[in-house]
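Report on the structure given below.
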Amino acid sequence: MSNRTFTMIKPDAVANNHIGPILAKINEAGFRIIAMKYTRLSPELAAKFYAIHKERPFYNDLVNYMSGGPIVAAILEKNNAVEDFRKLIGATDPAKAEPGTIRNLFAKSIDANAIHGSDSNENAEIEGSFFFSQTERF
Ligand code: UDP
Ligand code: MG
């Protein structure tokens, strides 16, 4: 699975009409879409998705924010997908994200930071499976 990663276009980016421009950046960077859906996380599902962060001070705000509006979830394919996608999205804090990265271009704050990218091959598989069954991957 080392050639696949998982992403979400987060509620702030969806609300600000950034779905199209963000997908264009993802395609221009050479990623192929394997699965994609426009959906919304319940608070319970957002809490489960981010359970790894439950001891961190921003956890409750993160769960409220991620369940506060629709998102776009997708599995993406490219050589070295996880690492290359993290480079494409930039640092967690958009103020520290490199020029031209998705968070530099489309995010306003460290909490509402436009996009998610898996941080390891193992988490890419876990997170992709959270949203998509085998028969939804093309
Ligand atoms: N987050 C936040 N405050 C922080 C750090 C993170 O609100 O100080 C949020 C932010 O939306 C981030 C998510 O929690 O994308 C997950 O944090 P992580 O450290 O895993 O950052 P990422 O992997 O998304 O860059
Ligand atoms: Mg992370």
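Just so you know, ligand 1 is whichever comes first in the structure, and atom 1 is the first atom listed for that ligand. Hydrogens, waters and symmetry mates are skipped; everything else that's a heavy atom, side chains included, is used. Starting from 1, each residue takes its place in the sequence as its number.
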Geometric cation-pi criterion, K78 with F31: 6.0 Å, 45°: yes
Can you tell me if [X] has a non-hydrogen atom under 4.0 Å from ligand 1?
X	result
R86	yes
R103	yes
H116	no
L62	yes

Identity and separation of the nearest protein heavy atom to [atom]:
atom	value
atom 19 (O) of ligand 1	R56 NH1, 3.4 Å
atom 12 (C) of ligand 1	N113 ND2, 3.6 Å
atom 14 (O) of ligand 1	F58 CE1, 3.3 Å
atom 10 (C) of ligand 1	I110 O, 3.2 Å
atom 17 (O) of ligand 1	H53 NE2, 3.7 Å

Sub-4.5 Å side-chain heavy-atom contact between I19 and L23: yes
Any side-chain heavy-atom pair of M66 and P11 under 4.5 Å: yes
Pair H53 + Y59: ring centers closer than 6.0 Å: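 Centroid separation for H53 and Y59: 6.0 Å or greater.
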Aromatic ring proximity F85/H116, centre distance under 6.0 Å: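 Centroid distance F85-H116: not below 6.0 Å, so no.
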From D111, I115, D119 - option closest to atom 11 (O) of ligand 1 by heavy atom: D111
Over all atoms of both residues, closest heavy-atom pair of V82 and S118: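 Answer, listing the atom of V82 first, then S118: CG1-O, 3.5 Å.
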Ligand 1 to T92 polar contact by distance, N or O atoms, under 3.5 Å: yes
Flag if over 12 foreign heavy atoms under 6.0 Å of NZ, K37: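 Check passes, neighbour count above 12.
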The single option from E77, E122, E127, E125 passing salt bridge (charged side-chain N to carboxylate O under 4.0 Å, His left out) against R4: E77
